[in-house]
Amino acid sequence: MNEEEIISLFYAKSHLETYKVLFPLAKKGNKFATYFIGNMLISPIDQTVEIDILGGVSYLKLSAKAGYTPALEFLGNLYAYNEKVKNDLITAHTFFYLAAIIENKVDIGYHLIIEDEFGISETDINKSREIAKSCIEVGLENCELLRK
């Protein structure tokens, strides 16, 4: 299934039905399916899938390793704003910055919102950027941030 088909399925069926269709695709490494499995495990819209934050984060990281930038942005939001995940602004910034690098949009993006909204220090910003650049250099599949 391609991205559009998965998005349509995600909104057309119950999450339990969607999960049953996407799970085998996610196991085969489909980055779109792994993203939506992660999304459903963290915040199911219709409550037909049991919440599993750690499992959801794992699936989002698999999708992110495959270069799917919405997964990086979802992870950034989790680490910045979600009370179910320990807030870590450097990690949130890094996920957002990685997405910006991949999309070649470092002059715009959520990482800048994190900088402004939370007033993180220049030292922390530089640390985040270095982690992100390292992930790009070694490849997302080998990125330490996505292994945790």
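All values derive from a computational prediction rather than experimental measurement.
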Peer 1: Please report the interatomic distance CG(Leu89) to CD1(Ile120), rounded to the nearest 0.5 Å.
Peer 2: 6.5 Å
Peer 1: Under 3.5 Å, side-chain donor or acceptor atoms of residues 78-86 against the rest of the protein: list the pairs with distances, not counting sequence neighbours.
Peer 2:
unit_1, atom_1, unit_2, atom_2, d
Tyr81, OH, Glu117, OE1, 2.7
Asn82, OD1, Lys84, N, 2.6

Peer 1: Using every non-hydrogen atom in the two residues, find where Ile102 and Gly67 come nearest and quote the distance to one decimal.
Peer 2: CG2-O, 4.5 Å
Peer 1: Counting only heavy atoms not in Glu50 (residues, nucleotides, ligands), do more than 12 fall under 6.0 Å from its CD?
Peer 2: no
Peer 1: Could you walk me through whether Ile51 and Ile42 pass the side chain to side chain contact (heavy atoms under 4.5 Å, CB included) check?
Peer 2: CA-CA 6 Å; Ile51 293 175; Ile42 290 170; over 6 Å; no
Peer 1: How many angstroms lie between atom CD1 of Ile131 and atom OG1 of Thr91, to the nearest 0.5 angstrom?
Peer 2: 6.5 Å
Peer 1: Counting distance only, does the side-chain N/O of Glu5 pair as donor-acceptor with the main-chain N or O of Asn2 below 3.5 Å?
Peer 2: yes
Peer 1: With sequence neighbours excluded, what pairs up with Thr94 under the side chain to side chain donor-acceptor pair (under 3.5 Å) test?
Peer 2: Ser128
Peer 1: If the condition is side-chain contact (heavy atoms from CB on, under 4.5 Å), which residues does Asp107 pass it with, not counting sequence neighbours?
Peer 2: none
Peer 1: Just checking Asn126: does its CG atom have more than 12 heavy atoms from other residues, nucleotides or ligands closer to it than 6.0 angstrom?
Peer 2: yes
Peer 1: Under the side-chain hydrogen bond (donor to acceptor under 3.5 Å, both in side chains) rule, what pairs show up with a residue in residues 131-141, not counting sequence neighbours?
Peer 2: none
Peer 1: Are Val49 and Leu41 close enough that some pair of their side-chain heavy atoms sits under 4.5 Å apart?
Peer 2: yes
Peer 1: With rounding to the nearest 0.5 angstrom, report the CD1 to CD1 distance, Ile125 to Ile114.
Peer 2: 10.5 Å
Peer 1: Test Met40 against every option in Ile45, Asp52, Leu22 by the side-chain contact (heavy atoms from CB on, under 4.5 Å) rule and name the one that passes.
Peer 2: Leu22
Peer 1: Kindly write out the residues that satisfy side chain to side chain donor-acceptor pair (under 3.5 Å) with Ser8, not counting sequence neighbours, or none if the list is empty.
Peer 2: none
Peer 1: Is there a path of hydrophobic side-chain contacts, each under 4.5 Å between heavy atoms of I, L, V, M, F, W or Y residues, that connects Leu72 with Ile6?
Peer 2: yes
Peer 1: Apart from Leu54 itself, what residues make up its hydrophobic cluster, given side-chain heavy atom links below 4.5 Å?
Peer 2: none
Peer 1: Taking side chain as C-beta onward, heavy atoms only, is Phe95 less than 4.5 Å from Glu73?
Peer 2: no
Peer 1: My understanding is that only residues two or more places apart in sequence, or in another chain, count here; which of them pass side chain to side chain donor-acceptor pair (under 3.5 Å) with Asp46?
Peer 2: Thr48
Peer 1: To the nearest 0.5 angstrom, please state how far the OH atom of Tyr19 sits from the OG atom of Ser14.
Peer 2: 13.0 Å
Peer 1: Could you list the residues that satisfy side-chain contact (heavy atoms from CB on, under 4.5 Å) with Lys13, not counting sequence neighbours?
Peer 2: Leu9, Glu17, Thr18
Peer 1: Evaluate the ring planes of His93 and His111, with Trp represented by its six-membered ring, and classify them as parallel (under 30°), tilted (30 to 60°) or perpendicular (over 60°).
Peer 2: perpendicular
Peer 1: Honestly curious: do Val21 and Tyr11 fall in one hydrophobic cluster under the side-chain, below-4.5 Å linking rule?
Peer 2: yes
Peer 1: Is there a chain of hydrophobic side chains (I, L, V, M, F, W, Y, each step under 4.5 Å between heavy atoms) that links Leu146 to Tyr97?
Peer 2: yes
Peer 1: Can a donor-acceptor pair be found, under 3.5 Å and without considering hydrogens, that links the side chain of Asn142 to the backbone of Val138?
Peer 2: yes
Peer 1: Please report the closest heavy-atom contact between Ala92 and Gly76, naming both atoms and the distance.
Peer 2: CB-O, 3.3 Å
Peer 1: For Glu115, check salt bridge (Lys or Arg N to Asp or Glu O under 4.0 Å) against everything at least two apart and list the hits.
Peer 2: Arg129
Peer 1: If we only count heavy atoms from C-beta on, is the Ile90 to Asp88 side-chain gap below 4.5 Å?
Peer 2: yes
Peer 1: Mind listing the side-chain donor-acceptor pairs of residues 30-38 below 3.5 Å, one per line with the distance, residues two or more places apart or on another chain?
Peer 2:
unit_1, atom_1, unit_2, atom_2, d
Asn30, OD1, Phe32, N, 2.9
Asn30, OD1, Ala33, N, 2.8
Asn30, ND2, Met1, O, 3.3
Thr34, OG1, Asn30, O, 3.2
Thr34, OG1, Lys31, O, 3.1

Peer 1: If I take atom CG from residue Leu140 and atom CD1 from residue Ile136, how far apart are they, to the nearest 0.5 angstrom?
Peer 2: 5.0 Å
Peer 1: Treat each ILVMFWY residue as a node, draw an edge where side-chain heavy atoms are under 4.5 Å apart, and state whether Leu112 and Ile101 are in one component.
Peer 2: no
Peer 1: Does Glu144 have any salt bridge (Lys or Arg N to Asp or Glu O under 4.0 Å) partners at least two apart in sequence or in another chain, and if so, which?
Peer 2: Arg147
Peer 1: Could you check if a side-chain atom of Tyr110 sits within less than 4.5 angstrom of a side-chain atom of Asn77, using non-hydrogen atoms only?
Peer 2: no
Peer 1: Would you check if Phe74 and Ser43 make a side-chain contact, meaning some heavy-atom pair closer than 4.5 Å?
Peer 2: yes
Peer 1: Which residues satisfy the side chain to side chain donor-acceptor pair (under 3.5 Å) test with Glu3, sequence neighbours excluded?
Peer 2: Tyr68
Peer 1: What are the two closest non-hydrogen atoms of Ala132 and Leu98, and how far apart are they?
Peer 2: O-CD2, 3.5 Å
Peer 1: In Å and rounded to the nearest 0.5 Å, what is the NZ to OG1 distance from Lys105 to Thr69?
Peer 2: 8.5 Å
